[in-house]
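Below: one structure, written as C-alpha cells.
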Amino acid sequence: MLLENINQANDIKSTAPEDYPALAEEIRQFLIQKISKTGGHLGSNLGAVELTMALHLSFNLPEDKIIWDVGHQSYTHKLLTGRREGFEMLRKYGGMSGFPKRKESDCDCFDTGHSSTSISAGLGLVMARELQGAKHSVISVIGDGSLTGGMAYEALNNAAKLETNFIIVLNDNNMSISENVGGVSKYLNNIRTADAYLDIKEGVYNTLKDMPRYGGKVVEGIRKAKSSFKHLVVPGMFFEDMGITYLGPVDGHNIPAMLRMFQEAKRVRNAVIVHVITQKGKGYEPAERHPARFHGAEPFDIETGIPSRPRTVANYTDIFSTVMTKLGARDEKVAAITAAMPDGTGLKRFRNMYPDRFFDVGIAEEHAVTFAAGLAAGGLKPVVAVYSSFLQRAYDQILHDVCIQNLPVVFAVDRAGLVGSDGETHQGIFDLSYLSSIPNMHIMAPKNKWELSDMMKFALQLGKPAAIRYPRGEAYAGLAQYRAPIELGKAEALYLESGICLLAVGSMVKTAVEVRERLSTMGYPSSLINARFVKPIDENAVAYAARNHRLVVTMEENVASGGYGEKVRAYLDSLHTQCRMLQVAIPDEYVEHGNVEQLKKEIGIDAAGIADRIGTAYERTIGHITG
C-alpha cells in the first residue's frame, strides 16, 4: 500500500505522480474505515483529500506553515505527517484530537476549532516571518462556509495591504463564489503571476510615477482600464478590488492542476487567493448524498451509511425542535435564527413549517445576535438557537445590543456543559460565567425534558433577555412528577431532609439524584433543590438550605470561576451562618476530548466522585461544629 510508505512529513514527495490517484483512494478508504468506528468529521475530509495532497507536495512541512480553518478537514494532513496510528484513538480520551493541535505535531502550526480564524492567524504568522527575516511560506486554508464569518473579512481587509507573499486557499465545496469562465482566466492567471510580468509591471509603474506632472494620472488610468477589463473576464474581482490577487477556480480533485496553481501563487508578492472547487463527501456515496449528515458522523455501517447505534430516545435538541414548532404555531411573532446550523440546533422543522420566520445568517454569531436584537426592537419574539461554545463569540453583541436595551431575545443554548469528542474548543463550560456577568440577562437550566419545554414558554412570555442552557445527548425523563410552574428566580424543592443540601443546576440534577442515593447508603441524609435559575439565583432557597443544613453543595456543569457556586457562596457569606459550602464544578482549565462520562470522572463531577467528596466534607463539617 502506498499509504504505508508515508510515515512522516514530506514522505508523500516520494510518491510517483502516476500514483497520486491511487494514494487518494487509499486515503479515502482509510478514513471511511476508521471514522466508521470512531466517529468524526467525514464529509469535509473526503472532499479535501487531493487538496491536502497538493499542499503537501507543493510545500515543505514543518518549515512552511499551513493553518486549517476550523480544522474539520485536517485528517488527511494528519495522515501525511506521520499520525496514521493515531486514528485508532481518534477523538477518544488520551488519543489524537480531531482538530490541529500544536502540542500534537510540529506540522500543526496553529490550534483551530472555531471558524473564520485562519486568515487572521496566517497574517500574524506572515508578519512574524517578515520581522524575523525568514523565507518560508504561510498558507491559510478556509472554506466557503467559514468565509461567511465577519472575522475573515476583517483579516482580508488587513491582508490587502501586504507587500509580501501570503497564500489563502479558498476550499469551495458549494461553488458559492464563481464558476470558471474558460481559457482567458487561465491565461491571465499564468501571465499575471510570471516573474517577468511582475518585474515589468513594477518597473513600468515606478517609471511612470516618476514622470513629472502626468505620471500619477497615467498610472491611475492604466489601473482603471485594467480593472475594467478584469471585471469582464476574471472571476474573483471582489478580492482583486481589495488588492488581493485571485487565482482560479481550479478543480480541487485535480492534483497536477493544483500543483501548477500553487507554484504560481508562490510567485505573487502580496496576498493571493487560490480558489479551489471541491466536492464534500467525495468518494463515498452516502456522504455525497447527505453531506450534512456526515459533517460530524457517529460510528456508522460503511455499506449503508446508517449509524451503528441509531438513536431511539429523544435528546434535548429534539425536545427544543418540537417546542419551537408548537410555539411558532401559537404565536406569529415567534422567529428563529441560526448561524448555519438548522439541523444541529433542531430548527429544521421550524424552517420547513414557517420559512418566512426562519433566518439562517451563515457562520456569523455576532451578526445573528444583533440581527435578533433588531427583530426584537421591531416587535418580534426572536429565538437564537446556538451551541454554547459558539455563543461566546457574540459576547459583545449580547451585552451591548440585547441587554443594554433589555430586548426580549431568547437564547436557546444547546451543547451546554461537556460535549465530549470535539474537545477544548467545543466544550460548553463557560456560558454560565460569561452570561451571568451581563446585567438584564436571565439564565435558566432545565432538569429534564418537560422543564425545557416549560422554560421555553416562560422565556418567550418574560419579555426580557433570557438564556436557557441544556446539554448534548439524551433528554432526562426522570422526576416527571415534579413540574411546578416556572416563576422568575424561583428554585424547586425536590427532596427535603437534613444534614446536606444539594443545589443542582440543569443537567446536574440528574447526577444529584444519584449522588443523593449514594449518600443515603453512606448514612448521610440530604435534600435536593433544583436551582432552575442561575440568574437571578433564588436567595430564599439558599437561605433555607443554609439554616436547615450543615453543608450546602452546589453542582453545575460549568467552570467554577464565575459560575453558580460563586454566586451562592457570596450570598451565604452575607448570611453569617455556621453552614459550610462545597462547590462542585469544572476546574479552571480547558477540558480535552473524550467520552463525556469518562471526562466527568476524570475531573471529579461524576456521581461517585461527588458523593465521596461530599462525605469527606460533611465529616469535617460535623467535626468543626461539634468541636
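- Asp414 and Arg472 are not joined by a salt bridge, as no carboxylate oxygen comes within less than 4.0 angstrom of a charged side-chain nitrogen.
- Within the 4.5 Å cutoff, the side chain of Ile429 has no heavy atoms near those of the Glu557 side chain.
- Residues Thr38 and Phe87 have side chains not in contact (no heavy-atom distance under 4.5 Å, counting atoms from C-beta outward).
- Each of Lys567, Glu566, Lys535 was checked for a side chain to side chain donor-acceptor pair (under 3.5 Å) with Ser436, and the lone residue meeting it is Lys567.
- In the model, Tyr524 has no side-chain atom that pairs as donor or acceptor with a side-chain atom of Glu497 under 3.5 Å.
- Between the side chains of Gln427 and Asp422, no donor-acceptor pair is found at a separation under 3.5 Å.
- A parallel orientation is assigned to the rings of His72 and His41, their planes being inclined by less than 30° (bins at 30° and 60°).
- Here the rule is side-chain contact (heavy atoms from CB on, under 4.5 Å) with Phe411, and of Leu435, Ile468, Val402 only Val402 fits it.
- Annotation: side chain of Phe533 is in contact with side chain of Leu488 (closest heavy-atom distance under 4.5 Å).
- Among residue pairs with one or both ends in residues 593-603, those qualifying as side chain to side chain donor-acceptor pair (under 3.5 Å) are Tyr93-Glu602; sequence neighbours excluded.
- Below 30°, between 30° and 60°, or above 60°: for His114 and His426 the angle between ring planes is above 60°, a perpendicular geometry.
- If you check the side chains of Ser527 and Arg516, you find no donor sitting under 3.5 Å from an acceptor.
- Between the side chain of Arg349 and the backbone N or O of Thr325, no donor-acceptor pair lies under 3.5 Å.
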Hey, mind stepping through Tyr153 and Thr148 against side-chain contact (heavy atoms from CB on, under 4.5 Å) and telling me if it holds? CA-CA 8 Å; Tyr153 292 95; Thr148 64; 5.9 Å; no
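- In this structure, Arg393 is not positioned above the aromatic face of Phe390 in the sense of NZ or CZ being under 6.0 Å from the six-membered ring centre and within 45° of the axis.
- The salt bridge (charged side-chain N to carboxylate O under 4.0 Å, His left out) check on Asp538 picks up nothing, with sequence neighbours excluded.
- There is a side-chain donor-acceptor pair under 3.5 Å between Ser433 and Asn558.
- Phe350 and Phe358 have their aromatic ring centers separated by at least 6.0 angstrom.
- Aromatic ring centroids of Tyr476 and Tyr316 lie 6.0 Å or more apart.
- A cation-pi arrangement, defined by a distance under 6.0 Å to the six-membered ring centre and an angle within 45 degrees of its axis, is absent between Arg102 and Phe110.
- Applying the side chain to side chain donor-acceptor pair (under 3.5 Å) rule to pairs touching residues 359-374 yields Thr370-Asp401, sequence neighbours excluded.
- Between Thr511 and Ile610, some side-chain heavy-atom pair lies under the 4.5 Å cut-off.
- Within the 4.5 Å cutoff, no side-chain heavy atoms of Ser321 are placed close to those of Leu347.
- Using a 4.0 Å cut-off between a side-chain N of Lys or Arg and a carboxylate O of Asp or Glu, Glu492 and Arg483 do not qualify as a salt bridge.
- Here the closest heavy-atom approach between residue Leu90 and residue Ser97 is recorded as CD1-O, 3.7 Å.
- Relative ring orientation between Tyr544 and His549 is described as perpendicular, the plane-to-plane angle rising above 60° on a 0-90° scale split at 30° and 60°.
- Residues Asp108 and His77 have side chains that bring a donor and an acceptor to within less than 3.5 angstrom of each other.
- When side chains are defined from C-beta on, Gln392 does not count as touching Asp431, because their heavy atoms never get closer than 4.5 Å.
- Screening Val386, Val384, Val409 against Ile337 for a side-chain contact (heavy atoms from CB on, under 4.5 Å) leaves a single residue, Val384.
- For the pair Val141/Asp69, no side-chain contact is recorded, criterion being any heavy-atom separation below 4.5 Å from C-beta on.
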